[in-house]
Amino acid sequence: MTMANHIQEKLAAAFQPEKIEVEDESWRHEGHAGARPGGETHFKVELVSAEFTGKSRVMRQREVYRVLKEEMAGSIHALALTTRAPGE
């Protein structure tokens with residue numbers, strides 16, 4: 001299983017999103033800090049979930065980072081997040 005698929009599964013289980021997209025953007029960061037051969041280090045995530053209703057952008061992102069704590073401490077170097085509640 002790719003890291004993108006792993007991220008998607010964990011976030012789907014935690015937030016029951018209406019929309020989730022996970023894109024591996026590691027190729028865009030070749031030669032930069034945290035990049036590794038084979039990629040799977042830099043990701044872009046778009047997540048729309050009712051779990052985010054009434055929460056600030058910072059609170060939403062903290063919740064995502066909490067769910068991906070182990071991955072952030074290991075294989076993920078960067079995570080670009082777009083987190084919205086339905087209708088936003």
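In this text, all values refer to a predicted model and were calculated from it rather than measured experimentally.
Side chains of Ser75 and Met3 form a contact here, defined as non-hydrogen atoms less than 4.5 Å apart. Contact of the Val64 side chain with the Val45 side chain is not registered, since no non-hydrogen atoms from C-beta on lie closer than 4.5 Å. Glu25 is not listed as a side-chain neighbour of Phe43, based on a closest heavy-atom distance of 4.5 Å or more. Taking 4.5 Å as the limit, every side-chain heavy atom of Leu47 sits out of range of all side-chain heavy atoms of Leu81.
Of all non-hydrogen atoms in Pro86 and Thr53, the two that sit nearest each other are CD-OG1, 4.2 Å. Looking at every heavy atom in both residues, Pro17 comes nearest to Ser49 through CA-CB, 4.1 Å.
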Step by step, would you call Ile20 with Phe15 a side-chain contact (heavy atoms from CB on, under 4.5 Å)? CA-CA 10 Å; Ile20 184 170; Phe15 298 104; over 6 Å; no
side-chain contact (heavy atoms from CB on, under 4.5 Å) between Glu9 and Met1, worked out: CA-CA 10 Å; Glu9 285 186 4; Met1 172 185 304; 3.3 Å; yes
Pair Lys55, Glu63 - check salt bridge (Lys or Arg N to Asp or Glu O under 4.0 Å), show working. CA-CA 10 Å; Lys55 295 179 181 173; Glu63 289 184 13; 2.7 Å; yes
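A donor-acceptor distance shorter than 3.5 angstrom exists from the side chain of Glu88 to the backbone of Ala85, with no hydrogens or angles considered. Judged purely by atom type and a 3.5 angstrom limit, Thr41 has no side-chain atom pairing as donor or acceptor with the backbone of Ile76. At distances below 3.5 Å, not a single donor-acceptor pair connects side-chain atoms of Lys69 with backbone N or O atoms of Tyr65. Judged by distance alone, with hydrogens and angles left aside, the side-chain atoms of Arg84 form no donor-acceptor pair with the main-chain N or O of Val48 at under 3.5 Å.
Listed by chain and number, the residues in a salt bridge (Lys or Arg N to Asp or Glu O under 4.0 Å) with Lys19 are Glu21, Glu46 (sequence neighbours excluded). Glu71 pairs by the side chain to side chain donor-acceptor pair (under 3.5 Å) definition with His6, Lys10, not counting sequence neighbours.
Enclosure of atom CD in Glu70 is not indicated, since only 12 or fewer non-hydrogen atoms of other residues, nucleotides or ligands lie within 6.0 angstrom.
Rounding to the nearest 0.5 angstrom, the gap separating the CG atom in Leu68 from the CG atom in Leu79 is 6.0 Å. Summarising the geometry, atom CG belonging to Leu11 is positioned 11.0 Å from atom CD belonging to Gln16; distances are rounded to the nearest 0.5 Å. Taken from CD in Gln61 to OG in Ser56, the straight-line distance is 9.0 Å, to the nearest 0.5 Å.
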